[in-house]
Amino acid sequence: MTKHSAGFAASALALAVSAQAFAGTVTTDGADLVIRTKGGLEVATTDQEFSFRVGGRVQADYSRFDGFYTVNGNSADAGYFRRAFLEIGGVLFRDWAYQVNYDFSHNAGGDNRSEDGYLDEASLAYNGFRPLAIKLGRFDPEFGLEKATSSKWVTAPERTAAYDLVDWTNSHNGGLGIQLSGAAGDSLYGSAGLYAKDATNADADGDSTRQFNLRGVFAPLHEAGNVLHLGLNYAFRDLSDTAFDGRIRSRLGMRGVSTDGGQDAGSNGNRLVLGGANNTPAGAYGDDRAWGLEAAWARGPFSLQGEYVARSLEADDAAFEDIDAKGYYLQLAYTLTGEARGYKLGRFDAVKPANKQTGAWELFYRYDHLAVEDDNGAFAAIDDVEGKVHNLGVNWYANEAVRLSAAYVKARVDNASNANGDDDGDGFVVRAQYVF
């Protein structure tokens, strides 16, 4: 970013944070302008034809881990900003909306983002065909309930490790896309998107990888504390004549083992490699397909949710074998203070404390399982490589803006290659979050 744009961003951030201390509505003499200061800063016309909102989130993490999580098996730690988003969005005019999100954390997961942060979203939406909406620009494709839920309000500090099997399905990877989405009544939601990913995985002619996503949700019960949610997902990309990084890897729920430019364990961090190869040659594979199932049920302060994902990477060259992956998770959460998790059609939302003095306390447990069958190269002589992760933790929602989290993570791997010989690892992570 330039010095001027960085200065503007810092000023906007300071204004939004300071506005958190106030509440209420201010109108102009002409009664045509409303300023809202509860949770960020929003300026809007009373006829809703224009609005401008500044918000964001800051998540600071510290983690410590050992065993499989490190190269030498000894303990290592990591302290870093997981996210530091500045979010600007609103209505341009009538049915045209926009959203721009920039992450200053220097810790987004890609080498091209490790020095100067990165543009997480820059999109334009047209809502004139209600209930349908058309979205254009850079944004994450839709695939999965945990991904649809904002990182501010997912229950565990990190989303399920099962997503690592299909990481391309719900990441924009620096590309652009177009998505059509809409709801039918209060219970049905669907989206379809087409995306051109960045040139990292371009084919021999320089064409970007094309990707297609579908998501459908049926939620006959869709109120906070009374939720029944079912969903289906499908994603496809064509890798014909494309050389790409085909490794299927997972941090097994412990982000600090490798943050690609953040303050992590450095050379002592270790990831699980389940299959694939770094330099997969052009012509080796063609169709890459992924499927996903979602289910969730919530009653009062209790919620239960899970997802299943499967992936099939089909070989185009007789010298290569197909690669198949599958994974799932099951999560239970209970709010000790009685509050229900918020829900909006297609995704969960915030837990809002009923008592502003003591906040809301939530306990959770999640089990992740992932496995890959790869009969190529070094994996040919072994059975499926598997990873199993237990997540046990607590969240304290001090108020609607501040959340503190702590989680114990226990991982075990089967048939994995690791220099230190450990097949399990333990980790602990704490997070301080501020949302404005």
Side-chain angles (χ1 to χ4, degrees), residues 59-83 103 105-111 113-114 144 146-147 151 154-171 173 245-276 278 307 309 311 325 327-329 331 366-372 385-393 405-414 416-420 422-431:
Q59 296 172 342
D61 288 12
Y62 176 78
S63 55
R64 191 165 186 86
F65 38 86
D66 61 17
F68 183 84
Y69 286 121
T70 58
V71 173
N72 60 15
N74 297 330
S75 295
D77 68 352
Y80 51 92
F81 284 103
R82 181 64 176 89
R83 296 177 180 90
D103 187 358
S105 69
H106 297 197
N107 172 35
D111 292 336
R113 308 171 188 167
S114 62
E146 277 252 291
K147 182 62 177 181
S151 64
V154 289
T155 303
E158 296 296 328
R159 294 185 174 99
T160 174
Y163 279 173
D164 294 336
L165 302 176
V166 292
D167 56 350
W168 57 272
T169 63
N170 52 27
S171 174
N173 292 118
D245 183 350
R247 289 175 296 177
I248 302 176
R249 302 186 295 169
S250 176
R251 296 182 176 92
L252 296 177
M254 190 57 55
R255 180 76 182 193
V257 298
S258 178
T259 54
D260 294 322
Q263 298 177 11
D264 58 17
S267 60
N268 195 27
N270 187 49
R271 294 197 210 182
L272 172 65
V273 181
L274 295 112
N278 184 14
E307 296 183 60
V309 296
R311 177 184 178 186
Y328 64 88
Y329 77 88
Q331 176 180 283
R366 190 183 72 211
Y367 174 72
D368 302 334
H369 186 277
L370 50 166
V372 173
V385 178
E386 298 185 36
K388 305 165 187 176
V389 188
H390 300 271
N391 303 263
L392 179 64
S405 304
Y408 167 69
V409 183
K410 174 74 173 180
R412 180 175 179 82
V413 300
D414 294 329
S417 175
N418 186 27
N420 67 33
D422 287 329
D423 58 7
D424 58 18
D426 298 272
F428 184 74
V429 58
V430 292
R431 169 175 295 174

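Numbers here simply count residues along the sequence, with the first being 1. These numbers come from the heavy atoms of this one structure, side chains and all, not from hydrogens, waters or symmetry mates.
Scanning all heavy atoms of the two residues, the minimum distance from S75 to R64 falls at CB-NH2, 3.7 Å. In terms of heavy atoms, G275 sits closest to V372 at CA-CG1, 4.2 Å. The two residues A162 and V309 make their nearest non-hydrogen contact at O-CG2, 3.7 Å. Listed here is the closest heavy atom pair of P157 and V429: CG-CG1, 4.0 Å. A416 approaches V413 most closely through the heavy-atom pair CB-CG2, 3.9 Å. Nearest approach of A161 to V389, heavy atoms of both residues: CB-CG2, 4.5 Å.
Considering OG of S63 and CZ of R255, their distance stands at 11.0 Å, rounded to 0.5 Å. For the atom pair F65 CZ and N268 CG, the distance stands at 8.0 Å (nearest 0.5 Å). The distance from the CG atom of L392 to the CZ atom of F428 is 10.0 Å, given to the nearest 0.5 Å. Rounding to the nearest 0.5 Å gives a distance of 5.0 Å between CG of L252 and CG of L272. Here the OH atom belonging to Y62 is positioned 3.5 Å from the CG atom belonging to D77, to the nearest 0.5 angstrom. Between the CZ atom of R311 and the CD1 atom of I248 there is a distance of 4.5 Å, given to the nearest 0.5 Å.
Among residues two or more places apart in sequence or in another chain, the salt bridge (charged side-chain N to carboxylate O under 4.0 Å, His left out) test is passed with D61 by R431.
Between D164 and R249 there is no salt bridge, since no side-chain N of the basic residue sits under 4.0 Å from a carboxylate O of the acidic one. Residues K388 and D414 are paired through a salt bridge, judged by an N-O separation under 4.0 Å between the basic side chain and the carboxylate. Under the 4.0 Å criterion applied to side-chain N and carboxylate O atoms, E146 and R366 are assigned as salt-bridge partners.
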Test log, rule side-chain contact (heavy atoms from CB on, under 4.5 Å), inputs S250 and L274: CA-CA 8 Å; S250 176; L274 295 112; 4.2 Å; yes

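Residues Q331 and T155 bring a donor and an acceptor atom of their side chains to less than 3.5 Å of each other. A donor-acceptor contact under 3.5 angstrom links the side chains of Y408 and D426, judged on distance only.
Between Y69 and the choices D424, V409, N270, the side-chain contact (heavy atoms from CB on, under 4.5 Å) rule is met once, by V409. Looking at R83, R82, R251 one by one, the single match for salt bridge (charged side-chain N to carboxylate O under 4.0 Å, His left out) with E158 turns out to be R82. Among D368, D423, D422, the one residue that satisfies the salt bridge (charged side-chain N to carboxylate O under 4.0 Å, His left out) test with R412 is D423.
In this structure a side-chain-to-backbone donor-acceptor pair under 3.5 Å is present from T70 to G67.
Ring geometry for Y367 against H369 counts as tilted: the plane angle lies between 30° and 60°, on a 0 to 90° scale.
Proximity of S151 to R159: side-chain heavy atoms (C-beta onward) are separated by under 4.5 Å at one or more points.
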